[in-house]
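Numbers here simply count residues along the sequence, with the first being 1.
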Amino acid sequence: MPHYTVHIGEEALDGTAEPRLIGALADAVGSVYGERLRTLVGVDLIGIPSHRRGIGGLPTTRIAPQLTLSMREAAYHLPEIPDAPARLIAATADAVASVLGEGIRAETIVSIVGVQEGRTGVAGEVA
């Protein structure tokens, strides 16, 4: 199951941005892998108060989203989906910019994490 963890300045989460961001991130994965995988995308939005964020050693009020997408490593190497990691990074940045505005793109950091086979589980069973 693809899963996003999003650390973002709390002020960006205003009650209307959350459903749009969750939907846009699911769409980002769907744009690369199709509707079937889109329906499995999990998203956790973690708002960080500005006094608890820092960039360059100083507190900041910048929204500066940091997104981590984790899913099985094999999904990044499917021959029918060339350049999957690059496509996911671009689609993810596009999704964030579509919700929070184009100006946020320059501060958006996307990390793609591959989970080895046998290292995930559902309901206590290796999946």
So which atom in [X] and which in [Y] form the shortest heavy-atom distance, rounded to 0.1 Å?
X	Y	result
Ala93	Val110	N-CG2, 4.5 Å
Ala95	Ala28	CB-CB, 4.3 Å
Gly15	Pro19	O-CD, 4.0 Å
Ile104	Ala64	CD1-N, 4.2 Å
Ala84	Tyr33	CB-OH, 3.5 Å

Treat each ILVMFWY residue as a node, draw an edge where side-chain heavy atoms are under 4.5 Å apart, and state whether [X] and [Y] are in one component.
X	Y	answer
Met71	Met1	yes
Val115	Leu78	no
Leu25	Leu40	yes
Leu13	Ile46	no
Ile22	Ile48	no

With side chain to side chain contact (heavy atoms under 4.5 Å, CB included) as the test, pick out the partner of Ile89 among Leu67, Thr108, Ile112.
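The residue from Leu67, Thr108, Ile112 that satisfies side chain to side chain contact (heavy atoms under 4.5 Å, CB included) with Ile89 turns out to be Ile112.
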Does the side chain of [X] reach to within under 4.5 Å of the side chain of [Y], using non-hydrogen atoms?
X	Y	answer
Arg72	Thr120	yes
Ile109	Pro65	no
Ile81	Val32	yes
Val126	Arg119	no
Leu21	Leu45	yes
His7	Thr68	no
Leu69	Ser111	no
Ile63	Ile8	yes

Got a sec, which pairs hit salt bridge (charged side-chain N to carboxylate O under 4.0 Å, His left out) with one end in [range], sequence neighbours left out?
range	result
residues 61-70	Arg62-Glu107
residues 76-100	Asp94-Arg105
residues 3-27	Asp27-Arg38

For the OG1 atom of Thr60 and the CZ atom of Arg53, what is their distance to the nearest 0.5 Å?
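Going from OG1 on Thr60 over to CZ on Arg53, the span is 8.0 Å.
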For atom CD of Glu117, is the number of surrounding heavy atoms from other residues, nucleotides or ligands below 6.0 Å larger than 12?
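For Glu117, atom CD is not crowded (no more than 12 foreign heavy atoms under 6.0 Å).
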Check: Ala26 main-chain N/O paired with Tyr4 side-chain donor or acceptor under 3.5 Å:
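No, because the side chain of Tyr4 does not come within donor-acceptor range (under 3.5 Å) of the backbone of Ala26.
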